[in-house]
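Some notes on the structure that comes next.
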Amino acid sequence: MAKLSKVVFLWKLLSIPLATAYPQLQNELKQRAIKPAEVKGSYDYVIIGGGQSGLVVANRLSEDPKVSVLVVEYGYFDDSYDVLDIQQVFRSTTHTKYNLTSVPQTQLGERNQVQGVPAAAVVGGGSAINGMFFNRGSADDYDNWEKLGNPGWGFKGLLPYFIKSTTLQIPDAEFAKEFNVTWDEKVYGKNGPIQASIYPVQYPALKSVWTGFEELGAERQKTGDDGNAHGLFWATRSIDDRTRTRSYARTGYYAPVADRKNLDLLTGWRANTITFDKNKQATGINMQSRDSITDAKANITSIKARKEVILAAGALHTPQILQRSGVGPATLLQKANIPVLVDLPGVGSNMQDHPQVTMIVALLPLSLVSPSNYTTLAKSYLSQSSSAYLPTSYTAAQKAGYAKQQQLLGSSLLRKDNSAIEIPFAGNGGYYLLMLTKPLSRGTITLDPANPYAEPLVDYNTFGNPVDLSIATEAFKFGRALHGTKAVSSTFNPVEVSPGVQVATEKDLQRTARDTVVSTTAHLSGTAALMPRELGGVVDAELRVYGVQGVRVVDSSVMPLIPGAHLCSTVYAVAEKAADVIRGRNLSELWKWEEKERI
Ligand SMILES: *[C@@H]1O[C@H](CO)[C@@H](O)[C@H](O)[C@H]1NC(C)=O
Ligand SMILES: *[C@@H]1O[C@H](CO)[C@@H](O)[C@H](O)[C@H]1NC(C)=O
Ligand SMILES: *[C@@H]1O[C@H](CO)[C@@H](O)[C@H](O)[C@H]1NC(C)=O
Ligand SMILES: *[C@@H]1O[C@H](CO)[C@@H](O)[C@H](O)[C@H]1NC(C)=O
Ligand SMILES: *[C@@H]1O[C@H](CO)[C@@H](O)[C@H](O)[C@H]1NC(C)=O
């Protein structure tokens with residue numbers, strides 16, 4: 001393949017400085033992507049997707065030398081140095097992303113209806129191109145997963161995996177003293193693959209913004225990563241502070257094990273479908289080389305999976321691959337002329353992301369964002385008919401599942417130890433990004449019935465539920481209150497440029513939110529949800545897809561409710577736990593989280 005050899009050539013030019021800086025990458029020099037001719041006919045496990053979760057599971061499953069693993073990734077290795085350069089946050093190179101936009105969001109302003117759908121197409125996935133935010137949701141967020149009928153998936157069940165996937169780098173003492181930086185070593189690993197650090201370059205005026213939040217009642221936490229993700233705290237970044245470079249799934253999980261003989265990674269191929277036998281047991285996949293996908297029939301290769309097919313294609317493509325394989329909403333599959341193997345309406349529903357309104361980590365309970373209105377808002381949400389604002393495709397079971405989510409989310413909105421809004425902040429004043437951490441609206445991802453091989457149709461359904469819009473306007477008001485605090489106004493003397501003080505009535509604020517909201521923080525999730533089948537779920541508590549055998553999902557699609565955090569660290573924890581579930585281990589049993597000794 002021409003592309004592959006070009007990549008290898010580039011790598012050679014860069015290999016000296018990179019290998020010096022990253023000894024763990026040296027293994028990768030020996031064995032990188034295999035050539036198509038080297039792919040074997042069968043493996044124990046075939047993993048679809050060499051992104052963040054796929055590389056975690058590939059690493060853990062191939063620890064057993066008797067087990068063989070193939071990872072099939074649509075993207076390529078990105079060897080450009082700027083993938084590691086932390087100045088290049090939110091890297092916007094087109095060759096490492098899919099190219100698609102959403103269907104029109106009719107609830108939004110006319111010029112704002114077609115929204116971007118950022119999704120990585122590169123070895124390492126989202127962790128290779130994200131902003132490296134590395135915080136966790138509140139304990140309540142994950143406990144809600146468990147309450148939806150998923151034993152073992154609460155905060156206690158996930159914490160060992162948050163620990164296992166990370167190494168905390170302790171901040172420099174002088175920096176920590178100057179900014180009163182706090183953390184808790186107990187909730188991080190000492191030798192995990194992903195480096196977590198607190199970025200040590202800060203503006204002195206940060207202290208004023210911090211004080212401004214405190215004036216409004218936000219409480220300082222020692223850390224947000226022990227389940228107390230509310231109030232003010234120092235969030236870690238997935239940055240290796242020793243080299244000031246990105247720490248991501250490729251450097252942490254793939255490079256150190258790339259020379260394993262039982263692990264193959266193939267890049268530049270797309271998984272088309274999962275194949276099944278008469279008993280609905282998965283037998284493998286059909287895949288197609290990326291340079292020939294314009295012809296749906298060219299270069300299709302079948303690979304057998306002796307044990308399981310593992311979906312790690314992300315919340316965007318995992319449901320599409322299931323749908324293409326005949327597992328999904330029957331009405332949709334019939335429209336696309338795909339034989340229905342399992343009518344599983346939840347595949348592609350329950351889609352959640354964090355919408356953000358612009359004005360620029362504080363995680364604020366609704367009671368703090370909106371002291372006068374928060375009970376009204378939560379109650380108006382709880383008293384909604386639960387099916388009122390759902391996508392029209394929802395079945396009775398899916399509606400029942402959402403009714404359960406509604407009860408849980410409604411009470412989370414009333415809690416003081418969980419958040420409704422995230423405001424990452426720095427000491428440079430200015431711009432606030434207000435992220436809704438508990439979106440109540442639900443979107444969908446469906447294959448395009450006219451062409452199941454084209455990119456899927458993405459409907460965020462942003463502000464589909466009107467309470468989301470009200471919470472966004474309350475967030476605007478909070479941003480203004482923060483500007484008005486003694487600490488912030490005396491330090492920055494801020495002038496509101498956008499939306500501008502003339503935008504004052506509820507109606508005007510709502511219009512501003514509709515006109516300026518961004519539907520996504522690239523936190524797409526929920527589209528193959530961990531929930532009982534009778535509540536519209538797609539996978540059971542062991543991540544097995546209902547109605548078939550030998551297929552599991554291990555990526556952000558399984559999150560039944562989006563946690564109030566950037567997703568990266570939760571994706572690692574979920575994938576680590578998934579690997580143990582697949583291996584039939586139970587780490588939470590072996591590993592009490594108070595224990596000092598850790599892997
Ligand atoms: C992305 O897709 C659009 C429309 O489908 C197309 O016009 C554009 O050229 C594509 N961009 C890239 C970089 O492929
Ligand atoms: C530093 O943080 C601790 C809590 O983590 C708090 O008790 C203390 O008051 C803070 N000190 C300053 C100077 O802000
Ligand atoms: C894919 O098929 C085309 C012809 O259909 C051929 O020219 C090309 O070499 C094939 N590529 C691979 C990787 O097999
Ligand atoms: C919130 O309270 C303000 C008055 O403080 C009121 O004008 C506004 O309509 C309320 N919003 C909601 C959504 O209840
Ligand atoms: C793991 O062990 C704990 C404690 O015995 C138990 O509560 C939990 O259900 C187990 N989880 C799995 C996935 O077996």
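Whatever order the structure lists them in is the order used to number ligands and atoms, beginning at 1. As the structure is a prediction and not an experimental result, all values here were calculated from the model.
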May I ask you to check if Arg514 and Phe463 form a cation-pi contact, with NZ or CZ under 6.0 angstrom from the six-membered ring centre and within 45° of the axis?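 That pair does not qualify as a cation-pi contact.
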Determine, for Phe77 and Arg250, whether the Lys NZ or Arg CZ falls below 6.0 Å from the six-membered ring centre while staying within 45 degrees of the axis.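 Pair Arg250/Phe77 does not count as cation-pi.
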Enumerate the pairs of nitrogen or oxygen atoms, one from ligand 1 and one from the protein, separated by less than 3.5 angstrom; state names and distance to 0.1 Å.
{"residue": "ligand 1", "atom": "2 (O)", "partner": "Asn99", "partner atom": "OD1", "Å": "3.4"}
{"residue": "ligand 1", "atom": "2 (O)", "partner": "Asn99", "partner atom": "ND2", "Å": "2.3"}
{"residue": "ligand 1", "atom": "11 (N)", "partner": "Asn99", "partner atom": "ND2", "Å": "2.8"}
{"residue": "ligand 1", "atom": "14 (O)", "partner": "Asn99", "partner atom": "ND2", "Å": "3.3"}

Below 4.0 angstrom, N of the basic side chain to O of the carboxylate: do Lys40 and Asp264 qualify?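 Looking at Lys40 and Asp264, the cut-off is met.
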If you measure from the Lys or Arg side-chain nitrogens to the Asp or Glu carboxylate oxygens, is any gap between Asp85 and Arg246 under 4.0 Å?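 Result for this pair is no, no salt bridge flagged.
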In terms of the angle between their ring planes, are His523 and His566 parallel, tilted or perpendicular, with boundaries placed at 30° and 60°?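 Perpendicular: the ring planes of His523 and His566 meet at over 60°.
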Can you run down the side-chain hydrogen bond (donor to acceptor under 3.5 Å, both in side chains) pairs that involve residues 113-122, sequence neighbours left out, and say none if there aren't any?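 Output for this query lists Asn112-Gln115, Gln115-Ser519.
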